*Asks:* 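Mind looking over this structure? Questions follow.
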Amino acid sequence: MSNEPLIFEHSRPGRVNRAQSAHLGGELNGIPESLRRKHPPRLPEVSELDAVRHYTRLSQKNFSIDTHFYPLGSCTMKYNPRACNTLASLPGFLGQHPLSAARDSQGILACLWDLQEMLKEVTGMCAVSLTPMAGAQGEFAGVAMIRAYHDARGDAARTEILVPDAAHGTNPATATMCGYTVREIPTDDQGDVDVAALKAVVGPHTAGIMLTNPSTLGVFERRIHEIAGIVHEAGGLLYYDGANLNAILGKVKPGDMGFDVIHINLHKTFSTPHGGGGPGSGPVGVSERLHPFMPIPVVGRDDNNAFRWLDEHDLPQSIGRLSAHMGNTGILLRAYIYALMLGREGMVRIADYATLNANYLMACLRDAGFDMALPERRATHEFILTLKRQAKEPGVTAMDFAKRLLDYGFHAPTTYFPLIIPECLLIEPTETESKETLDAFVEAMVTIQAEAEKDVETLKGAPYSLPVRRLDDVKAARELDLRWQAEA
Amino acid sequence: MSNTPSELKYTKSHEWVRIEGDGTATVGISDHAQALLGDMVFVELPELGSALEAGEECAVVESVKAASDVYAPLTGEVVAANELLEDAPETVNTDAYNDGWLFRIKLEDETELKELLDAEAYAELVAEEDH
Amino acid sequence: MPFIPHTENDTRAMLAACGVNSIEDLFDEIPPELRADALNGIPAGRDELAVSRLLHARAAQNAQPLCFAGAGAYEHHIPAAVWEITTRGEYYSAYTPYQAEASQGTLQLLYEFQTMVAELTAMEVANASLYDGATALAEAVLMAVRANRKSKARRIFMPRTVHPRYRDVVAAIVRHQGITLELLDYDSAGGHIAPASLPTEPADITALIIPQPNFFGALEDTDALTDWAHAHGALVIGVVNPTAMAVIAPPGEWGTAGADIVCGEGQPLGIPLASGGPYFGFMCCKQKIVRQMPGRIIGATVDLEGKRGYVLTLQAREQHIRRSKATSNICTNQGLMTIAATIYMTLMGPAGLERVARQCHANTRALVQRLSEIDGVEILFDRPAFHETVLCLPRPTAEVLAGLSERGIFGGFDLSADYPELDNTLLVCATETKSAEDLDAYTDALREVLG
């Protein structure tokens with residue numbers, strides 16, 4: 001594929017896209033010269049066709065769900081139904097100003113109310129706030145609520161959050177943002193939290209524990225009830241990271257596992273677009289005791305059953321606002337549309353087929369001679385393959401396999417996460433992929449293994465067929481080049 | 001095999017210390033540590049004149065894939081920092097024990113020196129970690 | 001089964017490969033007492049046609065009055081090509097560009113985005129976006145505390161002319177970091193921060209926030225404020241409207257040294273109002289403090305054949321490597337929104353964006369001129385303003401807004417809840433989307449309501 005220049009390199013001085021602004025303009029009356037801009041920003045000067053062609057060409061350099069199998073573990077890259085985008089983009093939704101009066105916003109409020117109710121049902125929590133704008137913000141909301149709960153009780157001794165060593169990096173980062181110190185809990189050789197180690201550290205300084213179940217190791221934490229009991233007994237609360245809810249949707253409710261607060265990644269389980277890295281959406285569900293601390297606004301109803309926003313007057317103990325308005329509304333709407341199409345049976349089938357696909361793919365890869373990190377365990381919606389053996393002999397890494405998979409038309413699985421498994425690939429096929437696709441992926445893995453055994457350089461040089469070959473990360477970080485510069 | 005010069009002292013957190021004999025000590029990260037971290041892209045050094053407590057986080061060495069805290073091996077005031085690393089952080093990779101030094105401190109309490117490991121003890125520690 | 005492709009034969013074959021008899025067997029590690037009952041609270045599934053019918057009805061329940069509200073979210077024309085291209089599956093359904101070689105489209109686009117935002121604000125570098133303007137300001141405050149190593153006080157000067165919701169969000173996010181947010185009152189005549197009102201010998205200040213234009217639409221004396229902050233060892237955090245940047249002095253050029261950190265709400269750059277989101281926040285800074293900047297950053301590099309390419313860089317600051325010591329817990333940016341904004345800025349170009357800004361300014365002035373000819377309606381502040389202005393009304397604002405609403409007009413934002421001293425006031429805005437007839441319609445309606 002040919003190199004596509006930067007849009008700035010397509011730019012020609014004086015070229016104006018008249019279709020967009022020919023009849024606009026006006027004087028800057030009332031604005032003194034000293035407050036005005038002296039030189040225009042060097043934005044590109046191109047025709048509309050230049051712009052459309054350039055950004056269409058750039059799009060063609062991406063792998064995406066719509067073009068490729070994308071088994072990126074812990075990211076749940078499933079099909080994003082087009083209807084969700086089309087219907088969320090109806091002019092009646094897009095044109096609504098966020099500060100519109102509730103009486104003018106009953107349509108959107110009704111959708112958000114329904115979504116809150118559905119998420120309560122699937123999580124088994126007593127209330128839901130939709131406002132967090134991403135999983136990490138949902139985590140922040142959750143841990144901030146745990147802190148608000150202890151603070152409201154005058155329990156200032158609780159300064160520690162417990163996090164398993166396999167956890168996603170956002171967990172410890174979030175705990176720090178909430179003013180807590182982080183204590184890591186080791187994982188045992190079967191992938192479960194080391195309960196003895198947990199017992200040894202839990203105590204009156206424990207504010208809570210952050211757990212993902214199924215865990216980031218792709219297995220169900222079997223002793224969750226025991227863990228909940230230990231933490232609760234010590235006066236701590238349990239936070240559920242909903243990253244892996246796809247595996248247990250409708251099968252297990254986090255509320256029933258004993259969790260006090262949970263966030264859900266709608267961009268995973270509820271199939272809202274990943275958009276090249278966002279927007280996400282991370283609603284939080286709470287148990288009764290954390291209800292007063294929920295982030296605002298939340299959709300409520302007034303005496304006449306009309307919908308309205310609940311704010312600091314309704315929830316005076318709230319941890320506050322996490323966005324200027326009410327979060328990523330348009331993403332919430334997409335999740336709602338998806339949930340309506342699935343319905344109650346469809347939701348359970350997500351867990352069924354996500355789990356079937358993962359276990360099938362794991363079985364096929366194991367039969368093809370690959371090593372699993374936790375061979376004794378069932379896969380949930382994802383599983384971990386380790387290339388530790390291949391790294392020793394013939395000497396190819398997880399990164400080499402990942403890059404070579406790209407040549408075969410497959411996006412690479414998540415590499416080097418969780419951090420505690422050496423040379424790992426975290427593979428999550430999702431329920432929307434067919435058996436043929438999974439079979440083709442296995443075939444590619446087998447081919448790559450054979451290539452590695454024949455000549456490791458085949459893998460070391462990969463990818464060969466993409467717009468660029470392997471890129472120099474070290475140069476990028478040492479010689480920072482973060483923007484195009486006009487020539488002087 | 002990583003290189004562990006015998007005239008230096010070490011810490012369990014992989015810093016090396018050279019006693020300069022004028023009441024100061026020079027600090028860097030060991031060859032083993034630089035190899036684990038990989039290609040260095042940035043080094044954040046302590047400010048001149050800042051007072052460090054032994055065991056305190058005082059610098060960060062950053063590669064593409066990792067960022068690792070450096071802990072003050074000894075208590076004292078920072079009297080020099082290796083400005084060369086601002087433009088050439090890779091010196092930590094190429095010459096960890098000489099040009100790749102990080103900072104120098106004026107010692108406050110010489111008895112702390114006893115807490116440091118000698119080369120043999122540090123080499124053993126590294127060998128154990130490799131298993 | 002929506003979106004699940006398996007035939008019965010597939011399922012049978014796959015179960016056999018797994019060595020189990022039924023899908024249920026795959027869940028045998030879950031303790032039976034944890035298994036949930038049926039999801040009776042969820043309605044039965046519907047097909048696309050039925051869901052489409054429901055959503056059309058709901059969309060119709062949202063009234064769509066003629067909108068003269070701004071207050072942080074602005075109705076602008078969005079060229080058709082913006083979302084036609086943005087919703088291409090290759091952008092819409094891709095994820096974070098962790099595999100750089102398979103994500104050059106998103107990565108090059110974000111590099112272009114960073115360049116455009118840096119150009120607009122006249123700053124050296126930008127990141128690849130944050131959640132929204134309010135959270136971007138919260139992150140800017142946290143960044144200033146990290147970047148200003150000389151300041152030990154963790155004290156931030158926050159004008160009351162900053163968007164009230166932004167102030168709420170900053171308070172909620174930085175609450176547990178030992179940071180003091182000190183509110184600065186505004187000049188009652190100008191509606192801006194009078195530089196003369198600032199302390200002459202202040203104690204240690206970490207940063208001063210400067211909104212431009214401010215929440216009232218008034219233009220702050222950015223040069224004097226910036227120089228004052230720098231003279232007292234404080235960093236300057238600019239919070240700016242991107243449309244305004246086409247005509248108003250950009251933060252990189254404020255005072256002698258320019259702002260240190262700049263953030264703002266990106267919604268005006270091609271993002272629909274959509275009840276408040278998704279939008280995106282942008283953030284820029286001086287190059288020398290870039291390692292303290294949160295969020296994703298794209299850098300240019302070369303591949304092993306020397307060909308130009310783009311990667312995520314400075315990742316060691318981020319949570320997936322640095323964990324509890326990361327600059328922020330942020331994991332996502334607002335990727336899709338930055339794609340739209342990049343295409344918007346490209347389609348408008350410097351000339352188009354300036355024309356939009358000028359038209360917004362002219363429309364708001366024309367509107368305010370007409371409305372203030374009505375008896376009892378007055379312009380509150382005498383400071384120069386850009387594209388938004390505060391009016392005083394002869395009657396309680398809520399009443400007036402309700403009357404306007406009955407006439408199909410969303411008349412603006414009622415300031416009284418956030419500024420108790422400003423009862424009977426209204427913040428109005430007329431963007432380039434408003435025609436002369438629209439301005440007349442508002443004027444006539446207000447005359448009737450007040451009549």
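Letters A, B, ... mirror the listed sequences (proteins, then strands); counts begin at 1. What you are looking at is a predicted structure, and each value in this text was computed from that prediction instead of being measured.
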*Asks:* Under a plain distance cut-off of 3.5 Å, with no hydrogens placed, do Asp481(A) and Tyr111(C) share a side-chain donor-acceptor pair?
*Replies:*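 Indeed, the side chains of Tyr111(C) and Asp481(A) share at least one donor-acceptor pair under 3.5 Å.
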*Asks:* If only atom types and distance count, is the side chain of His97(A) paired as donor or acceptor with the main-chain N or O of Ala73(C) below 3.5 Å?
*Replies:*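 A pair under 3.5 Å: yes.
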*Asks:* Can you say whether Ala385(C) sits under 4.5 Å from chain A via the side chain, the backbone, both, or neither, judging by heavy atoms?
*Replies:*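 Answer is backbone: N, CA, C or O of Ala385(C) sit under 4.5 Å from chain A.
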*Asks:* Test of understanding: with ring pair (Phe, Tyr, Trp, His ring centres under 6.0 Å), list the residues that count as partners of Tyr79(A), not counting sequence neighbours.
*Replies:*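 Per chain and number, Tyr79(A) pairs via ring pair (Phe, Tyr, Trp, His ring centres under 6.0 Å) with Phe3(C).
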*Asks:* Give a yes-or-no answer on whether the side chains of Asn62(A) and Ser103(C) include a donor-acceptor pair shorter than 3.5 Å.
*Replies:*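 The answer is no; no qualifying pair exists.
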*Asks:* At a 4.5 Å cut-off on heavy atoms, which part of His411(A) comes close to chain C: side chain, backbone, both, or neither?
*Replies:*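 Interface part for His411(A): side chain.
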*Asks:* What I want to check is whether the side chains of Glu112(C) and Tyr55(A) have a donor and an acceptor closer together than 3.5 Å.
*Replies:*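 Indeed, the side chains of Glu112(C) and Tyr55(A) share at least one donor-acceptor pair under 3.5 Å.
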*Asks:* Walk me through whether Arg365(C) and Asn29(A) qualify under side chain to side chain contact (heavy atoms under 4.5 Å, CB included).
*Replies:* CA-CA 9 Å; Arg365(C) 277 180 74 87; Asn29(A) 292 337; 3.6 Å; yes
*Asks:* At what distance, to the nearest 0.5 angstrom, does CD of Gln287(C) lie from CG of Leu482(A)?
*Replies:*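 These two atoms lie 6.0 Å from each other.
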*Asks:* Within the distance-only criterion (no hydrogens, no angle test), does the side chain of Lys403(A) pair as donor or acceptor with the backbone N or O of Gln99(C) below 3.5 angstrom?
*Replies:*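 Not a single qualifying donor-acceptor pair exists.
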*Asks:* Val348(A) versus Leu39(C): any side-chain heavy-atom pair under 4.5 Å?
*Replies:*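 Side-chain contact under 4.5 Å: yes.
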*Asks:* Check whether Ile30(C) gets within reach of chain A through its side chain, its backbone, both or neither, counting any heavy atom under 4.5 Å.
*Replies:*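 Contact with chain A involves both backbone and side-chain atoms of Ile30(C).
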*Asks:* What part of Ile350(A) gets within 4.5 angstrom of chain C, counting heavy atoms only: side chain, backbone, both, or neither?
*Replies:*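 Just the backbone, heavy atoms under 4.5 Å.
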*Asks:* Distance-only, no hydrogens or angles: does the Gln108(C) side chain make a donor-acceptor pair with backbone N or O of Glu4(A) under 3.5 Å?
*Replies:*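 Confirmed, Gln108(C) side chain pairs with Glu4(A) backbone.
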*Asks:* Counting only non-hydrogen atoms closer than 4.5 Å, does Ala38(C) touch chain A with its backbone (N, CA, C, O), its side chain (CB onward), both, or neither?
*Replies:*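 Backbone of Ala38(C) only, per the 4.5 Å heavy-atom cut-off to chain A.
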*Asks:* Measure His56(C) against the heavy atoms of chain A and call it side chain, backbone, both or neither at under 4.5 Å.
*Replies:*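 For His56(C), the contact with chain A is made by backbone and side chain together.
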*Asks:* Sort Pro295(A) into side chain, backbone, both or neither according to what part of it lies under 4.5 angstrom from a heavy atom of chain C.
*Replies:*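 The answer is neither part of Pro295(A).
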*Asks:* With a 3.5 Å cut-off and no angle check, do the side chains of His325(A) and Arg165(C) form a donor-acceptor pair?
*Replies:*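 Checked: His325(A)/Arg165(C) side chains show no N/O donor-acceptor pair below 3.5 Å.
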*Asks:* Which bit of Val311(C) is near chain A, if near means a heavy-atom gap under 4.5 Å: side chain, backbone, both or neither?
*Replies:*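 Val311(C) touches chain A through side-chain heavy atoms alone.
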*Asks:* Restricting to non-hydrogen atoms, name the atom on Pro98(A) and the atom on Ser275(C) that form the minimum distance, rounded to 0.1 Å.
*Replies:*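 It is CB-C, 3.7 Å.
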*Asks:* Go through the atoms of Pro463(A) and report whether side chain, backbone, both or neither lie under 4.5 Å from a heavy atom of chain C.
*Replies:*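 Contact with chain C is through the side chain of Pro463(A) alone.
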*Asks:* State plainly whether the residues Glu101(C) and Arg470(A) are in salt-bridge range, i.e. N to O under 4.0 Å.
*Replies:*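 The answer is no: the pair does not qualify as a salt bridge.
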*Asks:* Please flag which part of Tyr91(C) lies under 4.5 Å from any non-hydrogen atom of chain A: side chain, backbone, both or neither.
*Replies:*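 Backbone plus side chain of Tyr91(C), per the 4.5 Å heavy-atom cut-off to chain A.
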*Asks:* Say you draw a straight line from NE2 of His77(C) to CD of Gln20(A); how long is it, rounded to the nearest 0.5 Å?
*Replies:*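 Answer for the NE2-CD pair, His77(C) versus Gln20(A), is 4.5 Å.
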*Asks:* Where on Ala246(C) is there a heavy atom nearer than 4.5 Å to chain A: the side chain, the backbone, both, or neither?
*Replies:*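 Just its backbone gets close to chain A.
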*Asks:* Any salt bridge between Lys435(A) and Asp10(C), counting N to O under 4.0 Å?
*Replies:*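 Asp10(C) and Lys435(A): not salt-bridged.
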*Asks:* Is Tyr92(C) close to chain A through its backbone or its side chain, or both, or neither, when contacts mean heavy atoms under 4.5 Å?
*Replies:*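 Backbone plus side chain of Tyr92(C), per the 4.5 Å heavy-atom cut-off to chain A.
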*Asks:* Below 4.0 angstrom, N of the basic side chain to O of the carboxylate: do Asp28(C) and Arg378(A) qualify?
*Replies:*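 Salt bridge: yes.
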*Asks:* Does any heavy atom of chain A fall under 4.5 Å from the side chain of Arg308(C), the backbone, both, or neither of them?
*Replies:*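 Answer is both: backbone and side chain atoms of Arg308(C) are under 4.5 Å from chain A.
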*Asks:* Any donor and acceptor pair, going by atom type alone, linking the side chain of Asp303(C) with main-chain N or O of Arg469(A) inside 3.5 Å?
*Replies:*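 Between the backbone of Arg469(A) and the side chain of Asp303(C) there is a qualifying donor-acceptor contact (under 3.5 Å).
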*Asks:* Side chain, backbone, both or neither: which part of Ile248(C) has an atom under 4.5 Å from a heavy atom of chain A?
*Replies:*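 Contact with chain A: backbone and side chain both.
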*Asks:* Quick one: list whatever passes salt bridge (Lys or Arg N to Asp or Glu O under 4.0 Å) with Asp66(A), sequence neighbours left out.
*Replies:*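 Asp66(A): salt bridge (Lys or Arg N to Asp or Glu O under 4.0 Å) contacts with Arg82(A).
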*Asks:* Using 0.5 Å steps for rounding, measure from the OH atom of Tyr98(C) to the CG atom of Leu72(A).
*Replies:*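 If we round to the nearest 0.5 Å, Tyr98(C):OH and Leu72(A):CG are 8.5 Å apart.
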*Asks:* Where does Ser129(C) contact chain A at under 4.5 Å (heavy atoms): side chain, backbone, both or neither?
*Replies:*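 For Ser129(C), neither part sits under 4.5 Å from chain A.
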*Asks:* Are the charged groups of Glu29(C) and Arg377(A) less than 4.0 angstrom apart, N to O?
*Replies:*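 Salt bridge present between Glu29(C) and Arg377(A).
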*Asks:* Less than 4.5 Å to any heavy atom of chain C: does that hold for the side chain of Met77(A), its backbone, both, or neither?
*Replies:*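 Just its side chain gets close to chain C.
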*Asks:* Is it the side chain or the backbone of Glu117(A) that comes within 4.5 Å of chain C heavy atoms, both, or neither?
*Replies:*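 Neither; nothing under 4.5 Å.
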*Asks:* Any donor-acceptor pair under 3.5 Å linking the side-chain atoms of Gln96(A) with those of Gln64(C)?
*Replies:*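 Gln64(C) vs Gln96(A): donor-acceptor pair found between side chains.
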*Asks:* Hey, does the side chain of Ser64(A) reach the backbone of Ser93(C) with a donor-acceptor pair shorter than 3.5 angstrom?
*Replies:*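 Here the side-chain-to-backbone pair does not exist.
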*Asks:* Taking side chain as everything from C-beta outward and backbone as N, CA, C, O, which of these in Tyr95(C) sits under 4.5 Å from a heavy atom of chain A? Side chain, backbone, both or neither.
*Replies:*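 Looking at Tyr95(C), backbone and side chain both touch chain A.
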*Asks:* Would you check if the side chain of Arg344(A) reaches a backbone N or O of Ile42(C) as a donor-acceptor pair within less than 3.5 Å?
*Replies:*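 The answer is yes, because a donor-acceptor pair under 3.5 Å joins these two groups.
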*Asks:* With only heavy atoms counted, which part of Thr106(C) is less than 4.5 Å from chain A, the side chain, the backbone, both or neither?
*Replies:*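 Looking at Thr106(C), backbone and side chain both touch chain A.
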*Asks:* Do NZ/NE/NH1/NH2 and the carboxylate oxygens of Glu354(C) and Arg37(A) come within less than 4.0 Å?
*Replies:*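 Answer for the salt bridge query: no.
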*Asks:* What part of Phe280(C) gets within 4.5 angstrom of chain A, counting heavy atoms only: side chain, backbone, both, or neither?
*Replies:*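 When you check distances to chain A, no heavy atom of Phe280(C) falls under 4.5 Å.
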